Amino acid sequence: MNLEFKITEHLEKLAKKSKAIRKQFYPSKKELKNQGKTLDPLKEEKYSPVKGLIQRYSNRVLILLTLNCAAYCRFCFRRRIVSDIQKGFLTETDLNQIINYIKKHPQVNEIIISGGDPLTQPKLLELLLKKIVKLKQIKIIRIGTRLMVSDPQQINSNILRILKLVKKQPLYLLLHFEHPDELTKETIKAIKKLRSTGAILLSQSVFLKGINDNVVTLEKLFTELLSLGIKPYYILHNDEPLGTKHFTVDFKKERKIMTALRKRISGLAYPAYVYDQPEGPCKVPLPLDFDYSFMKK
Ligand code: SF4
């Protein structure tokens, strides 16, 4: 299974004036060389006890609600399955099995809804949220999305109504951004709508060669996100699924950029710089180029 090509009208227009958008969404011949580590760099398949559910940590589970997105990012770390819509949709029976699994594991208190892009499937998302909010053991709900970048018009009153179904638990929206060119007036409008739901907004990014691997671009991205009410949360080193090696920035360069950024932007605008190791204990925070000799005293 290879990642399909799919783009929205919004991104198509933007790609005409932004190289950063073109590189993210239009396939390159380099993908065909199949360079990278493995199809499933995080070994997610190994941690999936029930269809659509992944559990790598004891207190939280990931639900892959759909494998559909409004547009497909060429560097997607789940490109082995994302865009495979045949397999991609969960049925109500699948959702019930997931809920039963969670009930049988009372240590699970946090749910992350991801995919694909869960906001592209409002009916299924509504069905799932209605089931989850009733579970007393669940204290935190997170939803990951890129819809405000790829198709901001789809952040409509129906989506906002569905997000507002989460009342008792805090709702965290993990918004995926890579470059300041993504912050168009339409996207900013969609972000404001998401803020109006009362959800806590965080951003996630991946270092991408030739797209955001410089201090000026990331400074602009993180400070603008913060001014829109989004806390930059993570920037990750590319996990390098097959076909994405051409996006990988080397650790040394990333480190230099993150060190320079730390001196230029506030702690609030600065995300954690991490690497999600396959079968590692957690997302590992990566070191910066500071003088740490004071720790030896
Ligand atoms: S929006 Fe997320 S899941 Fe979809 S293609 Fe992009 S990175 Fe992958």
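No experiment lies behind these values; they were computed from the predicted model shown. For ligands, and for the atoms within them, numbers begin at 1 and follow the listed sequence. When reading the values below, keep in mind they use all heavy atoms of this one structure, side chains included, and skip hydrogens, waters and symmetry mates.
Under 3.5 Å, the side chains of Y101 and Q55 contain a donor-acceptor pair of N or O atoms. Counting only N and O atoms by type, the side chains of T248 and E240 include a donor and acceptor under 3.5 Å apart. Side-chain polar atoms of K6 and N68 form a donor-acceptor pair below 3.5 angstrom.
Here the heavy atom of the protein found nearest to atom 8 (Fe) of ligand 1 is C76 SG, 2.4 Å. Taking atom 2 (Fe) of ligand 1 as the reference point, the nearest protein heavy-atom neighbour is H176 ND1, 4.3 Å. Nearest non-hydrogen protein atom to atom 1 (S) of ligand 1 is R146 CB, 3.7 Å.
Remark: ligand 1 atoms within the under-4.0 Å shell around heavy atoms of C69 are 1 (S), 3 (S), 4 (Fe), 5 (S).
Residues Y233 and Y172 place their aromatic rings such that the two centres sit no closer than 6.0 Å. If you look at F5 and F25, their ring centroids are not closer than 6.0 Å.
Contacts of R79 with ligand 1, taken as heavy-atom pairs under 4.0 Å, are absent altogether.
Coordination check, C73 versus atom 6 (Fe) of ligand 1: passed, since an N/O/S atom of the residue sits under 2.8 Å.
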